[in-house]
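Index from 1, following the sequence.
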Amino acid sequence: MLGVGLPLWYLAAMPLLHIVVLAIVQGITEFLPISSSAHLVLVPVVFGWPDQGLLLDIAVHIGTLLAVMVYFWRDLFAMVAGVYDLARGNTTAGARLAIKVAVATVPLVLAGFVLYSTHLTEHLRSIEVIAWATIGFGLVLWIADRLGMTMRRLEHLGYGGALFIGLSQALALIPGTSRSGITMTAARILGMERSEAARFSMLLSMPAIAAAGMLATLDLVEAGNATLQADALIAAGIAFATALLAITLMMAWLRRASFGPFVLYRLLLGGALLAYVHWWA
């Protein structure tokens, strides 16, 4: 069972407004380099709601998984075909891409197993941790984006580079870091073009979200609560639509501009959170 912030009976009775707001926030922020997990922790604080817990968090992640699969269906198809080719002894471009994604996923799986098995993740879901991670890793993104070259595409990424990006992805287990943000940062350090950095970051999200989604599905089945399952479907559907729109707009932006607006947002958000913690909380 996953650790959840609230008992299942509360989630079953969660008002529709809560579900809609959380799903929209997840859909918008999952693939932008501003940390979706930070926003999902912060929404209850801003609105005065109880923390929705990890179970609903993961339900809306499923919607975003479907969105990235739809947007990058060509890459997904190429990787599936590549695995088949690899089994036949042929190393195609799709096979190499699948290997890169697998190599980059291993560090996150190992780090996630350690954190979740020791229940350390709940201790990291504090506003101050989110604030400093939001500011700190936002500055790292700005430096990488300013200094990194923009001459390498995904096909130029080696397996060592994929592992480097994967190691950085493990840091996303700290709320406020942003999984997409830290992987895009690592890719920019390696000199990848901004849109290509975002592309690989989103391909990496597929196995990570899928694994978490399978665990959440087991929780839903074991709960045997029809209302809870319906709520999860509503949240996933809304998150899917908003995530697909967010991906489309972000990719269009990164083909012609920098990560500057995202960095500025992170600095403002982090500063506001610190002010809340030290003066208003």
Side-chain angles (χ1 to χ4, degrees), residues 14-44 46-47 52 56-79 101 134 138 141 145 154 169 172 175-185 187-188 192-210 212-213 216 230-266 268-269:
M14 179 176 286
L16 181 60
L17 175 62
H18 295 203
I19 296 170
V20 171
V21 170
L22 291 169
I24 292 175
V25 170
Q26 171 65 26
I28 293 175
T29 62
E30 170 63 24
F31 300 109
L32 302 183
I34 55 177
S35 179
S36 63
S37 60
H39 286 77
L40 288 175
V41 172
L42 293 172
V43 165
V46 173
F47 290 97
Q52 70 278 358
L56 191 63
D57 287 2
I58 296 175
V60 292
H61 274 74
I62 299 303
T64 58
L65 171 62
L66 295 176
V68 75
M69 291 174 67
V70 168
Y71 189 89
F72 289 99
W73 69 268
R74 291 183 180 84
D75 285 324
L76 181 59
F77 180 80
M79 286 191 291
V101 170
T134 298
L141 173 60
D145 193 42
L154 185 49
Q169 185 175 217
T177 301
S178 173
R179 189 209 60 80
S180 59
I182 196 64
T183 51
M184 291 179 198
T185 298
R188 290 291 295 121
M192 293 184 66
E193 298 176 6
R194 295 183 180 98
S195 60
E196 290 291 281
R199 176 186 168 200
F200 189 60
S201 171
M202 285 185 271
L203 292 179
L204 285 183
S205 73
M206 294 184 191
I209 299 174
D231 289 349
L233 289 175
I234 293 172
I238 296 173
F240 167 80
T242 53
L244 190 58
L245 177 61
I247 292 172
T248 302
L249 294 177
M250 183 184 70
M251 293 300 292
W253 173 266
L254 292 179
R255 290 188 186 99
R256 61 182 178 82
S258 73
F259 287 100
F262 304 110
V263 173
L264 178 60
Y265 175 81
R266 292 182 66 125
L268 293 174
L269 176 61

Could you walk me through whether L203 and M79 pass side chain to side chain contact (heavy atoms under 4.5 Å, CB included), step by step? CA-CA 10 Å; L203 292 179; M79 286 191 291; 4.2 Å; yes
Side chain to side chain, L32 and F262, heavy atoms closer than 4.5 Å: yes
Indicate yes or no for a side-chain donor-acceptor contact from S201 to the backbone of A197 under 3.5 Å, with no hydrogens or angles considered. no
Under the ring-ring contact (aromatic ring centres under 6.0 Å, His included) test, which residues partner F77, sequence neighbours left out? none
I need the F259 CZ to L141 CG distance, nearest 0.5 Å. 6.0 Å
By salt bridge (charged side-chain N to carboxylate O under 4.0 Å, His left out), which residues pair with R266, not counting sequence neighbours? none
Which atom pair, heavy atoms only, marks the closest approach of S35 to G176? OG-N, 3.2 Å
At their closest point, which heavy atom of P33 faces which heavy atom of G181, and how far apart are they? CB-CA, 3.5 Å
Spacing of CG belonging to L17 relative to CG belonging to L22, to within rounding of 0.5 Å: 9.0 Å
List in chain and number order the residues that pass salt bridge (charged side-chain N to carboxylate O under 4.0 Å, His left out) with R199, two or more places apart in sequence or in another chain; answer none if no residue qualifies. D75, E196
CD1-CG distance between I209 and L204, expressed to the nearest 0.5 angstrom: 10.5 Å
Taking side chain as C-beta onward, heavy atoms only, is S180 less than 4.5 Å from E30? no
For residues 62-74, run the donor-acceptor check on the side chains, cut-off 3.5 Å, and write out each pair with its distance to 0.1 Å, sequence neighbours left out.
{"from": "T64", "atom 1": "OG1", "to": "H61", "atom 2": "O", "distance (Å)": "2.6"}

What's the spacing between T242 OG1 and Q26 CD if we round to 0.5 Å? 8.0 Å
Partners meeting side chain to side chain contact (heavy atoms under 4.5 Å, CB included) with A198 (sequence neighbours left out): M184, M202, M250, M251, L254
Residue pairs fulfilling salt bridge (charged side-chain N to carboxylate O under 4.0 Å, His left out) with at least one residue in residues 60-70, sequence neighbours excluded: none
Nearest 0.5 Å, what's the CD-CZ distance between E193 and R188? 9.0 Å
Less than 4.5 Å apart, any side-chain heavy atom of V263 and any of D145? no
Which atom of S178 lies closest to which atom of A172, heavy atoms considered: C-CB, 4.1 Å
What are the two closest non-hydrogen atoms of V60 and A235, and how far apart are they? CG1-CB, 3.5 Å
If I take atom OG from residue S205 and atom CZ from residue F200, how far apart are they, to the nearest 0.5 angstrom? 11.0 Å
